[in-house]
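See structure below.
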Number of protein chains: 2
Amino acid sequence: MSTHPRQPSASAPPDLGALFLGPKGENADIFERLLLEAFRDHIFWRRNLHPEDGFLIQESDKRAPGYEDSLSLLSQELMGLLSQLKGGVPAFSPRYIGHMSSDLTMASLIGYFATLLYNPNNVSAEASPVTTRLELEVAEQLARMVGYAPERFWGHLTSGGTVANFEALWVARNVKYLPVSLRHAAEEAGLRQLGVRLADGREHPLRELGLWQLLNVPPEAALDLLERFRAQVGDAGSAMELVMRHSLASLGYQEFGLRLSSEFKDALAPGVVLVPSTAHYSWEKTCRALGIGSRQLIHVPVDTHFRMSPAALEDTLRTLAVRRQPVIACVAVIGSTEESAVDRLDQLADLRERLGRELGLAFHLHADAAWGGYAASITRGPGGARRTYEETLADYAPEAWPSEGVYRALCALERTDSVTIDPHKLGYMPYPAGSISFRDKRVRDLVSVEAPYLFHAGGNESAYLGRSIFEGSKPGAAASAVWMSHKVLPLDASGYGRLVGETAKGAMALHRRIASGDWAPFTPVLLPPSDLNIVCFAVGHPSLKTLEATNDFVDRLYRALSVGPDTHRRPDYFVTKTVLRAAEYGRAALPIVDRLGFTSADYDRAGGVAVLRCTVMDPFLASRRQKVDHIRGFIQTLGEVMRTQLDVNR
Amino acid sequence: MSTHPRQPSASAPPDLGALFLGPKGENADIFERLLLEAFRDHIFWRRNLHPEDGFLIQESDKRAPGYEDSLSLLSQELMGLLSQLKGGVPAFSPRYIGHMSSDLTMASLIGYFATLLYNPNNVSAEASPVTTRLELEVAEQLARMVGYAPERFWGHLTSGGTVANFEALWVARNVKYLPVSLRHAAEEAGLRQLGVRLADGREHPLRELGLWQLLNVPPEAALDLLERFRAQVGDAGSAMELVMRHSLASLGYQEFGLRLSSEFKDALAPGVVLVPSTAHYSWEKTCRALGIGSRQLIHVPVDTHFRMSPAALEDTLRTLAVRRQPVIACVAVIGSTEESAVDRLDQLADLRERLGRELGLAFHLHADAAWGGYAASITRGPGGARRTYEETLADYAPEAWPSEGVYRALCALERTDSVTIDPHKLGYMPYPAGSISFRDKRVRDLVSVEAPYLFHAGGNESAYLGRSIFEGSKPGAAASAVWMSHKVLPLDASGYGRLVGETAKGAMALHRRIASGDWAPFTPVLLPPSDLNIVCFAVGHPSLKTLEATNDFVDRLYRALSVGPDTHRRPDYFVTKTVLRAAEYGRAALPIVDRLGFTSADYDRAGGVAVLRCTVMDPFLASRRQKVDHIRGFIQTLGEVMRTQLDVNR
């Protein structure tokens with residue numbers, strides 16, 4: 001299908017209005033036609049598989065009372081469900097600028113539904129010969145967008161970003177401790193000639209390395225070492241068995257930890273994970289579950305644009321090196337969930353190289369691009385070639401977006417060891433669709449297990465996903481949804497790049513108009529313009545004498561502009577809220593506090609500063625196509641809500 | 001809706017034929033009507049939300065070339081997808097008796113689809129006020145079926161059984177090490193009067209307990225201790241902070257392990273997890289990922305019915321007690337994935353009580369009922385009252401099913417600490433739908449974290465699922481699917497109980513007819529009749545002189561009766577295959593080997609014995625309603641395939 005003459009990556013760019021059902025269901029007619037087509041096509045497949053079997057249920061059966069009762073119950077409960085569902089949030093609406101929810105591409109919806117009828121399970125290709133292939137195809141598309149070599153990478157879909165990040169850190173830990181296992185395995189096998197390349201670029205004999213050096217083997221060198229070990233042992237199976245026997249995965253932390261202290265007389269401090277201080281709370285869950293410990297999760301300070309500070313990271317790494325505390329992984333966030341801040345991955349990757357040469361440090365570099373991953377499409381032209389910064393900038397003129405830093409960070413995704421990207425966020429696809437990509441497919445051997453009933457001798461190893469990934473049973477429908485959406489909207493500047501770019505333009509327009517609005521006597525205090533498409537702001541008022549009172553006021557604004565489980569109100573516009581907590585944001589939030597007229601002592605006492613948060617996913621928010629100016633509408637509504645909620649306070 | 005007069009739990013039982021689309025799409029007409037209803041209802045919701053906004057997309061826009069191109073591309077790619085999907089397995093067909101895939105309830109399909117259009121995210125009720133509630137409702141229904149007290153339990157849906165089991169073991173580990181953290185926290189807080197009830201039934205002062213005793217506090221007593229600690233500290237928040245500071249979750253295994261050895265002068269051997277030797281391979285992934293270590297996963301031998309041997313478990317526990325090696329959890333499997341064997345949970349729970357009194361042992365008891373959980377519905381009458389064994393047996397007469405052991409095991413689910421049940425298996429619902437239930441909701445506090453942007457002060461804590469569970473974003477559509485299906489088919493003997501019972505009858509009929517068939521010169525060697533609904537058998541032939549050759553032959557049969565990723569053949573019937581590996585099955589498989597004419601030495605040399613595996617999910621397989629006798633059809637096809645594949649060998 002790649003030669004299809006109307007492929008949107010060719011001349012005419014796709015019309016973004018044709019991608020969605022539309023806020024008024026404008027495209028309902030075509031969607032309904034496709035829906036019926038997919039459904040009837042499935043039904044006739046059933047009918048044509050062994051037509052000689054005849055019908056199980058006869059028309060006369062359908063007139064039996066039990067039968068009719070069942071079906072009328074089904075209809076009635078469905079009507080009940082439909083009426084309940086309308087109590088949910090209208091994520092499709094331009095009036096919804098709250099969470100990361102939006103209208104979905106029709107392609108993903110119809111792909112999901114069509115496949116739902118077949119219900120394939122991507123745990124193994126035997127149960128899903130088609131959709132496992134589709135999953136591996138979309139994984140390759142994502143890896144190409146990131147810049148990983150298609151012949152060397154490994155990737156797949158997950159239920160979401162939490163599991164993707166978990167799997168990345170699980171793999172990172174296995175790779176980190178691999179050289180220790182290999183050292184023990186080599187001793188057991190009597191192999192004395194193994195050499196390993198350290199971050200200084202030189203080869204060292206494995207058996208002469210101390211624990212600190214073993215825990216600072218660059219990820220690729222650790223996997224090369226595994227390959228050399230296998231080659232020297234000869235039989236790949238018994239080599240892996242030998243390695244596994246000495247691995248953390250097999251021994252568990254307790255026994256592995258005892259071995260470290262008894263054999264190296266120097267157990268070193270526990271391995272740590274570095275994240276920007278704005279990282280998603282799921283990193284804490286992940287570190288707890290993996291047994292790394294949330295105390296070993298180090299929050300690196302962010303700058304006033306809420307990006308991980310490279311200088312702070314350097315300080316942290318130098319301090320850890322002095323303490324001889326190994327780093328399991330460093331996580332860059334590409335699109336923080338609160339501000340859509342994009343960490344300067346290019347600078348972080350440079351830093352990793354420099355400190356590798358200078359101090360011999362090595363660690364796994366992961367990009368949590370769950371939110372911002374699809375933005376990398378702006379750096380790709382049709383066919384996947386990298387666009388220059390100037391070309392990219394010209395695509396979104398007259399807005400000056402992206403900043404050169406954001407562009408460079410997105411290009412630097414190719415320098416990471418793994419990347420999390422959620423199609424169910426900026427890919428505009430239904431849940432569940434997360435993804436994880438690894439630069440080096442050899443990591444798969446460190447987490448794979450065998451399932452007796454899934455094993456099909458001679459099959460392609462990527463066809464048995466359940467053996468090589470964290471999850472088991474998983475919907476093939478999710479793979480179809482992603483596959484269909486990527487078909488209609490390719491991962492380049494003409495496809496997803498336009499969609500994401502339009503949301504960035506919308507966010508900038510919203511930011512600008514809040515900044516230039518006449519709010520007196522209220523004072524909206526905006527965070528700096530976002531790297532991608534989230535707009536956050538606090539709101540002050542002369543009568544709000546403390547930061548606590550100001551935070552409470554923001555909370556009331558939020559409640560008036562959202563629905564909760566027990567809410568029956570339906571606001572005209574929807575936003576959400578976040579708190580820049582002092583413990584996490586540190587000095588990064590001080591400019592906001594200051595502009596609200598409070599001090600750093602107020603900030604510490606209040607514990608943080610609350611801001612309203614508007615996620616712009618509507619690509620038409622700033623376009624002239626919209627019949628209603630929703631930015632103006634939102635600003636009006638917000639102004640009214642401010643006045644009402646301030647009165648409540650009195 | 002619980003008072004609806006046609007609720008199937010009332011007099012007239014639902015017609016099972018009215019539950020599914022049917023192998024020939026017999027119910028396509030009603031389903032199509034509901035599909036359109038759900039779709040149009042959604043579209044008109046969109047249209048009626050602020051009708052004054054007008055249409056974003058005008059009819060004239062739709063005639064623009066970019067627009068038409070986009071939509072024709074969408075149509076064309078969908079047609080491509082539909083033709084590809086037919087390369088998948090026809091799980092809806094009575095001819096498919098392979099993996100755990102089947103036709104789905106129409107209720108779950110329409111519930112999923114209707115909600116897909118709204119795409120709520122059950123990470124928090126703010127993003128899904130309706131479907132989070134539905135998720136909590138179905139979690140309660142499952143907990144009631146299991147027998148947990150609704151006011152004390154905690155449960156939710158997961159992406160599948162792997163994540164559910166993972167979460168159970170994660171929680172079990174946190175509870176296991178809680179008394180150690182509390183001991184340290186109490187010391188720091190200067191609380192010297194805390195007492196704890198041990199498995200001997202008596203109260204002991206916390207500060208006098210040794211590490212072995214601290215790691216043998218019964219789960220409920222550990223949670224009581226936490227409550228007492230909180231009460232004595234006074235402020236719940238700072239109490240939890242204190243406990244967390246000393247917890248494994250916070251410190252991580254490395255630091256926690258060092259503390260154990262330095263403070264107790266006796267670190268004890270690593271904690272272990274006990275599973276039957278037939279347990280699913282995901283338990284290995286889970287133990288590796290959690291840092292427990294796959295070597296600490298002890299496979300307890302099974303008997304010749306492939307159920308965990310209580311005697312072997314007792315031996316294992318006594319040996320561990322002598323070695324002073326703590327048990328984190330013991331897992332009973334309710335419906336093994338290979339044989340649908342049901343462990344004698346009642347006997348295992350008795351054993352836990354007895355050894356608690358006798359040896360002071362305590363551990364978390366988990367039921368992995370991913371496959372068999374819905375079978376517990378056979379023990380419930382309308383309204384949820386427990387049916388006696390005699391009543392249950394009468395329901396499935398003239399078959400003598402279930403055995404009393406299976407009945408007692410299902411009733412004993414209420415004696416566990418947690419249960420995994422997958423609606424996407426015997427619940428006949430689409431992926432992804434797993435579930436986890438905990439007997440005691442207090443465990444939630446040990447895994448919860450806060451998410452700044454989800455926190456809505458004053459809200460109901462269960463409304464923020466992402467804070468309290470392993471996963472984050474998750475489809476509200478899955479909750480609707482389960483909710484709708486439970487509405488149409490309740491979790492009692494009149495609902496799911498009938499469905500599961502019919503599959504058991506089908507499996508017994510299949511077993512009987514293979515056993516009584518005329519196969520000469522082939523010899524099918526059946527495993528004993530299954531506890532639920534899976535039929536496995538090896539196949540011998542005089543010309544197959546070794547077990548290896550026999551296993552190869554079974555593999556060829558399997559390949560002829562299945563599709564792989566690169567297969568274009570479509571067999572008349574579909575089965576799957578498994579290998580009873582010597583390393584896992586041990587002596588349990590010897591009767592099969594023996595009846596094939598081989599010795600235990602042959603078995604060890606071959607590494608296992610291969611069997612074909614037929615999962616019976618079709619409730620009509622043995623019913624006279626079927627126009628075609630598919631058992632006979634399968635037996636004929638199998639006979640032909642045997643002859644063909646034997647010839648290939650020559």
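To find a chain, count down the sequence lines: A is the first, B the second, and so on, and within it residues start at 1.
- A salt bridge links B:Glu52 and A:Arg95; the closest N-O separation between the charged side-chain nitrogens and carboxylate oxygens is under 4.0 Å.
- A perpendicular orientation is assigned to the rings of A:Tyr118 and A:His42, their planes being inclined by more than 60° (bins at 30° and 60°).
- Most heavy-atom pairs under 4.5 Å with chain B, from the set A:Ile110, A:Leu116, A:Asp61: that is A:Leu116.
- For the residue pair B:Ser562/A:Glu126, the side-chain donor-acceptor check at 3.5 Å is not satisfied.
- If you measure heavy-atom distances from A:Lys86 to chain B, the contacts under 4.5 Å come from both the backbone and the side chain.
- Residue with the most contacts toward chain A among B:Tyr112, B:Phe166, B:Phe113, B:Phe39: B:Phe39 (heavy-atom pairs, distance under 4.5 Å).
- Side chains of B:Ser473 and B:Asn121: a donor-acceptor N/O pair is present below 3.5 angstrom, by distance only.
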Next item on the list: Would you check, one step at a time, whether the test side chain to side chain contact (heavy atoms under 4.5 Å, CB included) holds for B:Ile57 with B:Tyr67?
Entry: CA-CA 10 Å; B:Ile57 302 150; B:Tyr67 203 92; 3.5 Å; yes

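- Neither the backbone nor the side chain of A:Leu580 has a heavy atom closer than 4.5 Å to any heavy atom of chain B.
- Ranked by heavy-atom pairs under 4.5 Å with chain A, the list B:Ser75, B:Pro432, B:Pro90, B:Ala289 is led by B:Ala289.
- Within the 4.5 angstrom heavy-atom criterion, atoms from both the backbone and the side chain of A:Ser159 approach chain B.
- No other option in B:Thr162, B:Ile30, B:Asp53, B:Leu49 has as many heavy-atom pairs under 4.5 Å with chain A as B:Asp53.
- One distance of note links CG of A:Leu81 with CD of A:Gln76; it measures 13.0 Å at 0.5 Å rounding.
- Of the atoms belonging to A:Leu104, it is side-chain heavy atoms, and not backbone ones, that fall under 4.5 Å from chain B.
- Ranked by heavy-atom pairs under 4.5 Å with chain B, the first of A:Leu34, A:Val89, A:Leu109, A:Val447 is A:Leu34.
- Looking at A:Leu85, both its backbone and its side chain come within 4.5 Å of chain B, counting heavy atoms on both sides.
- Neither the backbone nor the side chain of B:Leu19 comes within contact range of chain A; no heavy atom of the residue lies under 4.5 Å from a heavy atom of that chain.
- Contact count against chain A (heavy-atom pairs under 4.5 Å) is highest for B:Leu290 among B:Ile292, B:Thr131, B:Leu290, B:Leu258.
- With a 4.5 Å cut-off on non-hydrogen atoms, B:Ser128 does not touch chain A at all.
- Interface remark: A:Ser294 contributes backbone and side-chain atoms alike to the contact with chain B (heavy atom separation under 4.5 Å).
- The backbone N or O of A:Gly25 sits less than 3.5 Å from a side-chain atom of B:Arg47, completing a donor-acceptor pair.
- Under 3.5 Å, the side chains of B:Glu255 and A:Gln296 contain a donor-acceptor pair of N or O atoms.
- Pairing each heavy atom of B:Gly17 with each of B:Asn27, the nearest pair is O-ND2, 3.0 Å.
- Interface remark: of the candidates A:Met106, A:Arg295, A:Arg40, A:Arg295 forms the most heavy-atom pairs closer than 4.5 Å to chain B.
- Contact of A:Pro120 with chain B is made through the backbone alone, with heavy-atom distances under 4.5 Å.
- Most heavy-atom pairs under 4.5 Å with chain B: of the set A:Gly160, A:Pro270, A:Ala91, this distinction falls to A:Pro270.
- Of the residues considered (A:Arg46, A:Arg288, A:Met484), A:Arg46 shows the highest number of contacts with chain B, using heavy-atom pairs under 4.5 Å.
- Donor-acceptor pairing under 3.5 Å is recorded for the side chains of A:Ser282 and A:His280.
- The most heavy-atom pairs under 4.5 Å with chain A, out of B:His50, B:Glu284, B:Lys62, come from B:His50.
- When heavy atoms are compared at a cutoff of 4.5 Å, A:Asp572 approaches chain B by way of both its backbone and its side chain.
- Across B:Val163, B:Leu248, B:Leu35, the residue that shares the most heavy-atom pairs under 4.5 angstrom with chain A is B:Leu35.
- Heavy-atom distances place the backbone of B:Lys474, and not its side chain, under 4.5 Å from chain A.
- Taking all atoms of both residues into account, the shortest heavy-atom contact from B:Glu77 to A:Trp483 is OE1-CH2, 4.2 Å.
- Counting only N and O atoms by type, the side chains of A:Tyr431 and A:Asp422 include no donor and acceptor under 3.5 Å apart.
- Looking at residues two or more places apart in sequence or on another chain, you find no salt bridge (charged side-chain N to carboxylate O under 4.0 Å, His left out) involving B:Glu37.
- For chain B, the option among A:Pro65, A:Gly257, A:Pro430 with the highest count of heavy-atom pairs below 4.5 Å is A:Pro430.
- Of all heavy-atom pairs spanning A:Arg467 and B:Tyr281, the tightest one is N-OH, 3.9 Å.
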